[in-house]
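Just below is one structure, and these are the notes that go with it.
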Protein chains: 2
Amino acid sequence: MKVVSAIKRVPEHIQKRLTDKFSSVEFLFCEGIEEAEHHLPEADVFITYGEDLGSERIKKAERLKWVMVLSAGLDKMPFEIIERKGITVTNVRGIHAEPMAEYALSMLLQASRSAKAMYANQQKHHWGRSLTFNEINHRTMVLIGTGAIAQETARLAQAFHMKTIGISRSGEAKPHFDETHKVDELSDQLPQADFVVAVLPSTEETKYLLNAAHFQLMPEHCIFLNMGRGDLVASDDILLAVREGEISHAVLDVFEQEPLPEDHPFWEEENITITPHISGHSPQYIPRGFDIFEENLERYVQGESQLVNLIDPKRGY
Amino acid sequence: MKVVSAIKRVPEHIQKRLTDKFSSVEFLFCEGIEEAEHHLPEADVFITYGEDLGSERIKKAERLKWVMVLSAGLDKMPFEIIERKGITVTNVRGIHAEPMAEYALSMLLQASRSAKAMYANQQKHHWGRSLTFNEINHRTMVLIGTGAIAQETARLAQAFHMKTIGISRSGEAKPHFDETHKVDELSDQLPQADFVVAVLPSTEETKYLLNAAHFQLMPEHCIFLNMGRGDLVASDDILLAVREGEISHAVLDVFEQEPLPEDHPFWEEENITITPHISGHSPQYIPRGFDIFEENLERYVQGESQLVNLIDPKRGY
């Protein structure tokens, strides 16, 4: 059996661990898809970020039985041909939960504790003790989204003794949420939100789900954080809410246009913190992805059909 | 019974809550010790930050039976005369635990996630995605100190799945520590520390407890945070450790000299973050202090002698 990986820069120790552990498996670690595609015809198993595995390439992979996608999004996978050829697909769903939850807590702490102004004081050699250092302890967080990332964020929020309220289409109860509500009850929940954290993917239903009226419902001290998708809310609505003091701060990792244009008014707003769509970035990404792969490969070589994060090609998730 | 408070700016709602609840008690809320000292002769109970209650003032307080000190430090209390007069003393020990633990986690997250460089990028309107965003999840934290503040910090660290190692004089086991060790075993623990957090008070034993050799034992990626006292370690030792790359970052809230002099080299170090001795600051300070007072007053009016945070005047803590 041959495993071909298209993932760049897989650490030596991971390559060695897999090679040592699975002596019946031949591994080929390539530096990207251009190198890997030459080896597709021999691959039984293919490891990829998924974006680059079009139907043309899949056709070349005559022996392919399993594609391990080292990504959570699968929008670009050619599922029709995958289903026809009976190829198994797994992904790394959930891999973003820990780094993104850390991002959220980190940024809410920073915004609550005047981090931006504190760094400015250091630049000025200024011993400034009069800044506001609000606690996040015992506050209320409204999370728009209740999936794996939102759950891990809520878990950490609860460790800070927060009350956690989740908003989802179904309103179904989920771990680490004190309450969950349907999306049409969102407005009722906003007035009690010290923090509003948006973690929604972009779909027809979530596009511009939030608008100016929602910000008016949030308390003036509320901090809004968006690490889902930039088209959840119009930039102008955020800008107005911050400028009018309807909320105290916006932390934004995602934008309607990315990269955020250099002349965008967000950059200069004291009460907006910009991060360049990095909430899911982590040096642990490849190690975690290969941990999931290793677990699956173990099952696979033993002939088990039940793999972790198995994708239904009909549904595409 | 008369309660005289010397605490400035006690919120109206707290004054009202106490006045409404304890109808048999007369409350006088003064704006500071200058106003309050005129009323000391009538006070049965006195609420103070403690620093300003010298033996001269205590002598005037002829009816005084209980002093509630809204501070954790009691260095300046005239315990001799307090003991002679049989006055009960309670304080707000533990009140700093939540804000200081939040401070620690906030700053470690910031230093791990390149917050300083990210704010600099925002100032430059620069969409910079190549910064390092290390996770704090699953790391190891060595805490020097295992008291209430260290325990709360360790509790939060464990919520981030960290391994927590506590260092104290006794090495006694304490809640939220995976391991505890005696201070003479500190050097053995440092090589595994991703984070070293110092929360020690200043005593003869803790003065310059840390030195250059300790930094050499820490891993190069280690972040050192001091929120205890500035004389735990010489400034020059910290500066050298950061400049030589023996550690990756130092977060300092306390200094040998405070305020930190304007021309101190710390201010300009990229890998040193300075906060102006604010780790314990919180808008929740007075509300929390009066929560403890209220609990104690309830017991006191019912004639209970077992109060929360009762101080032994012989030991001074």
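Numbers restart at 1 for each chain; the letters A, B, ... are given by sequence-line order, proteins then strands.
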Side-chain touch A/Leu109/B/Leu109, heavy atoms, less than 4.5 angstrom: yes
B/Trp127 side chain reached by A/His277 side chain, heavy atoms, under 4.5 Å: yes
So which part of [X] gets closer than 4.5 Å to some heavy atom of chain A, the side chain, the backbone, both or neither?
| X | result |
| --- | --- |
| B/Thr273 | both |
| B/Ile274 | both |
| B/Glu270 | neither |
| B/Tyr285 | neither |
| B/Arg129 | both |
| B/Ile136 | both |
| B/Ser279 | backbone |
| B/Phe266 | backbone |
| B/Tyr119 | side chain |

Measure the spacing between [atom1] of [X] and [atom2] of [Y] and express it to the nearest 0.5 Å.
| X | Y | atom1 | atom2 | value |
| --- | --- | --- | --- | --- |
| A/Asn121 | B/Thr275 | CG | OG1 | 11.0 Å |
| A/Asn137 | B/Ser282 | CG | OG | 8.5 Å |
| A/Ser114 | B/Ile278 | OG | CD1 | 9.0 Å |
| A/Gln122 | B/Glu268 | CD | CD | 8.5 Å |

Stepwise side chain to side chain contact (heavy atoms under 4.5 Å, CB included) test for A/Met107 and B/Arg113: CA-CA 10 Å; A/Met107 298 313 293; B/Arg113 304 183 66 88; 5.8 Å; no
Among the listed options A/Gln123, A/Gln284, A/Arg155, the residue most often paired with chain B at heavy-atom distances under 4.5 Å: A/Arg155
Among B/His281, B/Glu152, B/Lys124, residue most engaged with chain A (heavy-atom pairs, under 4.5 Å): B/His281
Heavy atoms of other groups near B/Glu294 CD, more than 12 under 6.0 Å: yes
A/Glu295 CD: over 12 foreign heavy atoms closer than 6.0 Å: yes
Closest non-hydrogen atom pair between A/Gly128 and B/Pro276, with its separation: O-CG, 3.3 Å
B/Ala159 to A/Leu156 - nearest heavy-atom pair and separation: O-CD2, 3.6 Å
Steps toward side chain to side chain donor-acceptor pair (under 3.5 Å) verdict (A/Glu262, B/His126): CA-CA 7 Å; A/Glu262 211 188 310; B/His126 174 58; over 6 Å; no
Under 3.5 Å: donor-acceptor pair, side chain of A/Glu135, backbone of B/Glu102: no
Audit row: B/Gln110, A/Met118, side chain to side chain contact (heavy atoms under 4.5 Å, CB included) steps and yes/no: CA-CA 12 Å; B/Gln110 289 179 43; A/Met118 205 141 62; 5.7 Å; no
Residues forming a side-chain contact (heavy atoms from CB on, under 4.5 Å) with B/Pro261, sequence neighbours excluded: B/Gln257, B/Asp263, B/His264
Where at least one partner belongs to residues 218-230 of chain A, residue pairs that pass side chain to side chain donor-acceptor pair (under 3.5 Å), sequence neighbours excluded: A/Asp194-A/His221
Test item: side-chain donor near acceptor, A/His138 and B/Glu98, under 3.5 Å: yes
